[in-house]
**Student:** 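Sending over a structure as structure tokens; questions will come in a sec.
Everything quoted here is computed from the prediction, not taken from an experiment.
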Amino acid sequence: MMRCKVMKKFLGKILGIFSDDLGIDLGTSNTLICMKNKGIILREPSVVAISTKTKEIFEVGEKAKHMIGRTPSTYETIRPLRNGVIADYEVTEKMLRCFYRRIKSGTFLNKPRVIICVPAGITQVEKRAVMEVTREAGAREAYLIEEPMAAAIGVGINIFEPEGSMVVDIGGGTSELAVVSLGGVVKKSSFRVAGDRFDTAIVDYVRQKHNLLIGEKSAEDIKIKIGTVSPEEEEMEIEVSGKYVLNGLPKDITLTSSELIETLSTLVQEIIEEIRVVFEKTPPELAADIKKRGIYISGGGALLRGIDKKISAGLNLKVTIAEDPLNAVINGIGVLLNNFSLYSKVLVSTETEY
């Protein structure tokens, strides 16, 4: 048994000569993959379309996302990740295999070392599941990093200095909040007020106010094009098509940005309250540091118009939106890949055997 383990580690080192280290932001909405020294090499929605009869994959990524709400009975679309964690292990593995095939360099013994980003609130069981799925999908070694730590690195914060910084990453399934100092997470929170909740709130509003049924993809388009939480923003409008509740027939309406302010602001207020709770648990010296520096926000939710002003006013703190909010997490993993020995201490788990 011991000889087998020694041989396995020896082969791992040999395979390492032929491998390209990869970083994965396995998100509820999108999966991003970066490669050491090459940057982001894949960005696809975390959606899979499968055959209901054979359970074989039909489409993955962007093409599968366009099929949501439009499939015949012979196919179904699945989002295998919910609230930042794996909900369907088998489909997640198949999705990762498809993504790996798209980026594979063609080297014969290519089994990469992989760093995967996970939510701050992930359990030990979920950590193990993510690592096992990644290895089953073709990775030689699997390592984990918490999402807010990766975002902090990606935002450009020097995480090793003895000063506190707060990062809020507003993703698709979860928002991740962390106070970082001396290369570690001092306080953290993972909560489910994020992009998907914004979309659901828009679906509910349109149904209640306009008696119109719309899908999640339409709600996401509305959020991106006219979503705002600031009444000072210039009035915008969008044509929305859906099914009229009263007669079941298709109908078009015009939706304005001012209509959505109250609905979206309520959710942003929940984010503010969660930040306040973490502040209450933060040591005074670190809280003073954050008062000087302010809060950094990243993720797709950071693109919601007026969200920085709303959070700033609610907490009386400076709020800075990351320069590249959508890619903050994957950029942070990229920095880690290029400086593995320096940043390896921030990894949640550093061994593939338990």
**Student:** With clusters defined by side-chain heavy atoms of hydrophobic residues (ILVMFWY) lying less than 4.5 Å apart, directly or transitively, does Ile157 cluster with Val185?
**Tutor:**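 Same cluster: Val185 reaches Ile157 through Ile, Leu, Val, Met, Phe, Trp or Tyr contacts under 4.5 Å.
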**Student:** Flag yes if more than 12 heavy atoms outside Lys217 fall under 6.0 Å of its NZ atom; otherwise flag no.
**Tutor:** yes
**Student:** Are there more than 12 heavy atoms of other residues, nucleotides or ligands under 6.0 Å from atom CD of Glu323?
**Tutor:** no
**Student:** Passes salt bridge (Lys or Arg N to Asp or Glu O under 4.0 Å), Glu56 versus Lys94? Steps please.
**Tutor:** CA-CA 9 Å; Glu56 291 182 356; Lys94 289 179 179 178; over 6 Å; no
**Student:** Report whether Tyr89 and Val91 are members of the same hydrophobic cluster (ILVMFWY, side-chain heavy atoms less than 4.5 Å apart, transitive linking).
**Tutor:** yes
**Student:** Sort out for me which residue in Arg79, Lys65, Arg197 forms a salt bridge (Lys or Arg N to Asp or Glu O under 4.0 Å) with Glu216.
**Tutor:** Arg79
**Student:** Within the side chain of Arg207, is there an N or O that forms a donor-acceptor pair under 3.5 Å with the backbone of Ile214?
**Tutor:**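 Here the side-chain-to-backbone pair does not exist.
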**Student:** Would you say that Lys55 contacts Glu76 through its side chain, given a criterion of any heavy-atom pair below 4.5 Å between the two side chains?
**Tutor:**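 A side-chain contact under 4.5 Å exists here.
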**Student:** Has Glu237 got more than 12 heavy atoms of other residues, nucleotides or ligands less than 6.0 Å from its CD?
**Tutor:**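 Atom CD in Glu237 is not crowded, with 12 or fewer foreign heavy atoms closer than 6.0 Å.
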**Student:** Look only at the side chain of Thr52 and the backbone of Ser73, and say whether a donor-acceptor pair between them is shorter than 3.5 Å.
**Tutor:** yes
**Student:** Do Lys345's NZ or CZ and the ring of Phe160 fall within the cation-pi criteria of under 6.0 Å and 45°?
**Tutor:**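 Ring-cation test returns yes.
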**Student:** Are the side chains of Phe99 and Ile33 in touch, meaning some heavy atoms are under 4.5 Å apart?
**Tutor:** yes
**Student:** Applying side chain to side chain donor-acceptor pair (under 3.5 Å), run through Ser46 and Thr31 and close with a yes or a no.
**Tutor:** CA-CA 6 Å; Ser46 303; Thr31 294; 2.8 Å; yes
**Student:** Between Arg276 and Glu280 (salt bridge meaning N to carboxylate O under 4.0 Å), is one present in this structure?
**Tutor:** no
**Student:** Working note: Ser258 + Glu235, criterion side chain to side chain donor-acceptor pair (under 3.5 Å); need CA distance, chi angles, decisive distance, verdict.
**Tutor:** CA-CA 7 Å; Ser258 59; Glu235 182 81 318; 3.0 Å; yes
**Student:** Going by side chain to side chain contact (heavy atoms under 4.5 Å, CB included), name the residues that satisfy it together with Glu163, two or more places apart in sequence or in a different chain.
**Tutor:** Glu161, Asp289, Arg293
**Student:** Would you mind telling me which of Glu146, Glu274, Glu176 makes a salt bridge (Lys or Arg N to Asp or Glu O under 4.0 Å) with Lys188?
**Tutor:** Glu146
